[in-house]
Structure formats: C-alpha cells, structure tokens
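What follows is a short report on a single structure.
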Amino acid sequence: YCYAPFYSAEHGGKLHLDLVRDLTRTVMYDVSMKARCSLGLCIDAYYGGFGETQVSPICLPCVDADKTFGFTIRQESKLASGDYAYIQYAILYTNPTGERKIRVFNYTLNVTDEISILYESKSCRPVVSRS
C-alpha cells in the first residue's frame with residue numbers, strides 16, 4: 001500500500017478496508033487454466049498478471065479473486081455464416097480447504113458476414129455514452 005504521507009485520520013479507514021479485502025478474498029492454489037475453441041478458430045495468446053504467453057495450459061501457484069485473465073482468438077479458416085463458434089475456458093484449482101475443483105465457462109458466438117446482424121443482436125446502449 002502507498003499512503004505517503006500517511007495520516008491516520010485521513011487514510012485509516014482506507015487502510016482498514018484494504019487489509020480486510022486482502023485477508024478475506026477468495027484464493028485458489030495450484031491453478032491450471034486452458035482455453036479451447038471450435039474448428040476454424042485458435043487461441044493465439046494468453047494475457048494476465050503473468051504477462052503474455054502462448055504456452056497452454058497456464059500454470060500458476062496462486063490466484064486470488066482480484067486477478068483477471070484473457071486470451072486472443074485468431075481465425076484460421078473461413079467460418080460459415082449462420083453457424084456458431086464455441087469457446088470453452090477451464091480452470092483446475094485447489095481451494096483453501098484442499099479440495100481439487102474445476103470451473104468451466106462455455107460461450108457461443110454467432111457467425112455472420114454482415115455487420116448489421118451483429119448490431120441487431122446486441123444492445124448498443126452499453127457501448128454508446130452521452131456526455
């Protein structure tokens with residue numbers, strides 16, 4: 001933490017909340033992560049607190065609830081319009097009580113040749129901001 005210069009009246013509450021968050025957040029140990037996708041797509045690179053890597057699976061000793069990970073997808077071959085593309089992301093980990101668990105996230109993406117179909121299927125409201 002950096003509270004320079006530290007004044008207990010000004011920074012005491014923030015320090016208290018920061019310590020409570022660090023001591024009570026969910027933690028995973030011995031973490032192994034891997035993403036995979038349907039034919040025509042491939043995982044290009046993984047990004048996160050470890051930097052950028054193309055190694056799969058990603059193995060980390062400890063991950064807490066405040067960490068984020070991502071990956072880039074590359075199109076290897078033509079996908080048929082109207083079909084679906086599938087992405088799966090799995091995390092194998094040990095929880096603080098020693099149980100080995102797996103979390104799997106599945107995503108389905110619509111494949112289209114027309115950008116107008118993309119805008120019709122999604123709400124543009126979160127994307128557009130007004131000042």
Side-chain angles (χ1 to χ4, degrees):
Y1 309 106
C2 182
Y3 305 101
F6 181 81
Y7 298 109
S8 62
E10 185 177 338
H11 300 108
K14 174 101 170 87
L15 177 62
H16 173 69
L17 293 175
D18 286 343
L19 287 172
V20 167
R21 175 70 183 148
D22 281 348
L23 296 173
T24 61
R25 67 181 164 200
T26 304
V27 179
M28 300 181 292
Y29 301 100
D30 193 22
V31 179
S32 178
M33 299 175 283
K34 182 173 174 118
R36 62 184 187 165
C37 47
S38 56
L39 290 175
L41 300 173
C42 73
I43 305 300
D44 198 32
Y46 292 89
Y47 301 91
F50 49 83
E52 176 186 349
T53 184
Q54 294 177 347
V55 176
S56 180
I58 305 290
C59 296
L60 297 169
C62 181
V63 175
D64 62 51
D66 294 333
K67 303 298 181 272
T68 59
F69 303 97
F71 51 90
T72 54
I73 302 168
R74 186 177 71 232
Q75 184 177 350
E76 290 187 317
S77 62
K78 183 152 175 63
L79 301 172
S81 184
D83 282 351
Y84 295 100
Y86 301 97
I87 300 169
Q88 185 178 66
Y89 192 71
I91 303 173
L92 178 66
Y93 67 96
T94 304
N95 69 7
T97 61
E99 297 173 299
R100 200 76 172 135
K101 295 188 173 193
I102 187 166
R103 301 250 351 231
V104 180
F105 304 89
N106 296 302
Y107 299 97
T108 304
L109 306 172
N110 294 326
V111 177
T112 183
D113 291 334
E114 297 181 34
I115 193 78
S116 62
I117 294 175
L118 176 68
Y119 285 108
E120 289 172 7
S121 66
K122 298 296 173 200
S123 171
C124 293
R125 227 175 151 176
V127 178
V128 178
S129 65
R130 295 180 230 169
S131 30

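If you read the sequence from its start, that first residue is 1, and numbering goes on from there.
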(request) Drop me the distance from D66's CG to R25's CZ, to the nearest 0.5 angstrom. (result) 4.5 Å

(request) Establish whether M33 and I73 are linked, either directly or via other cluster members, by ILVMFWY side-chain heavy-atom contacts under 4.5 Å. (result) yes

(request) Mind listing the closest non-hydrogen atom pair of A85 and L41 along with its distance? (result) CB-CD1, 3.6 Å

(message) Who clusters with L39? Use side-chain heavy atoms, under 4.5 angstrom, across I, L, V, M, F, W and Y, and order the result by chain and number.
(response) none

(message) Return the CG to OG1 distance between N95 and T26, rounded to the nearest 0.5 Å.
(response) 10.0 Å

(message) Among residues at least two apart in sequence or on other chains, which ones pass side-chain hydrogen bond (donor to acceptor under 3.5 Å, both in side chains) with T53?
(response) none

(request) Tell me, please, which residues at least two apart from Q75 pass side-chain hydrogen bond (donor to acceptor under 3.5 Å, both in side chains). (result) none

(request) Sort and list the pairs that fulfil ring-ring contact (aromatic ring centres under 6.0 Å, His included) and have at least one residue in residues 58-89, not counting sequence neighbours. (result) F50-F69, F71-Y89

(message) Run the ring pair (Phe, Tyr, Trp, His ring centres under 6.0 Å) test against Y93 and tell me which residues pass, sequence neighbours left out.
(response) none

(request) Using the test salt bridge (Lys or Arg N to Asp or Glu O under 4.0 Å), find all partners of K14 that sit at least two apart in sequence or belong to another chain. (result) D18

(message) Between M28 and L60, does the side-chain contact (heavy atoms from CB on, under 4.5 Å) criterion hold? Intermediate values first, please.
(response) CA-CA 10 Å; M28 300 181 292; L60 297 169; over 6 Å; no

(request) Using side-chain hydrogen bond (donor to acceptor under 3.5 Å, both in side chains) as the criterion, list what pairs up with T94, not counting sequence neighbours. (result) R100

(message) If I take atom CG from residue D83 and atom CG from residue L109, how far apart are they, to the nearest 0.5 angstrom?
(response) 12.5 Å

(request) Can you see which heavy atom on Y46 is nearest to which on S56, and at what distance? (result) OH-OG, 3.4 Å

Taking distance alone, no hydrogens or angles, what donor-acceptor pairs closer than 3.5 Å link side-chain atoms of residues 101-108 to residues at least two apart or in another chain?
| from | atom 1 | to | atom 2 | distance (Å) |
| --- | --- | --- | --- | --- |
| N106 | OD1 | Q88 | NE2 | 2.9 |

(message) Would you compute the distance between atom OG of S38 and atom CG of L79 and round it to the nearest 0.5 angstrom?
(response) 6.5 Å

(message) If the condition is side-chain hydrogen bond (donor to acceptor under 3.5 Å, both in side chains), which residues does K67 pass it with, not counting sequence neighbours?
(response) D64

(request) Please write out which residues are connected to Y7 in a hydrophobic cluster, directly or through intermediates, given that two of Ile, Leu, Val, Met, Phe, Trp, Tyr count as joined at side-chain heavy-atom separations below 4.5 angstrom. (result) none

(message) Restricting to side-chain contact (heavy atoms from CB on, under 4.5 Å), what partner residues turn up for L15, sequence neighbours left out?
(response) Y1, Y3, F6, L19

(message) Measuring only between side-chain heavy atoms, which start at C-beta, is I43 closer than 4.5 Å to K34?
(response) no

(message) Are I58 and I87 connected into the same hydrophobic cluster when the rule is that any two of I, L, V, M, F, W, Y join if their side-chain heavy atoms are below 4.5 Å apart?
(response) yes

(message) Give me each pair satisfying salt bridge (Lys or Arg N to Asp or Glu O under 4.0 Å) with a member in residues 36-46, each pair once, sequence neighbours excluded.
(response) D44-R74

(message) If you compare all heavy atoms of P96 against all heavy atoms of Y29, which two are closest, and at what distance to 0.1 Å?
(response) CA-CE1, 4.0 Å

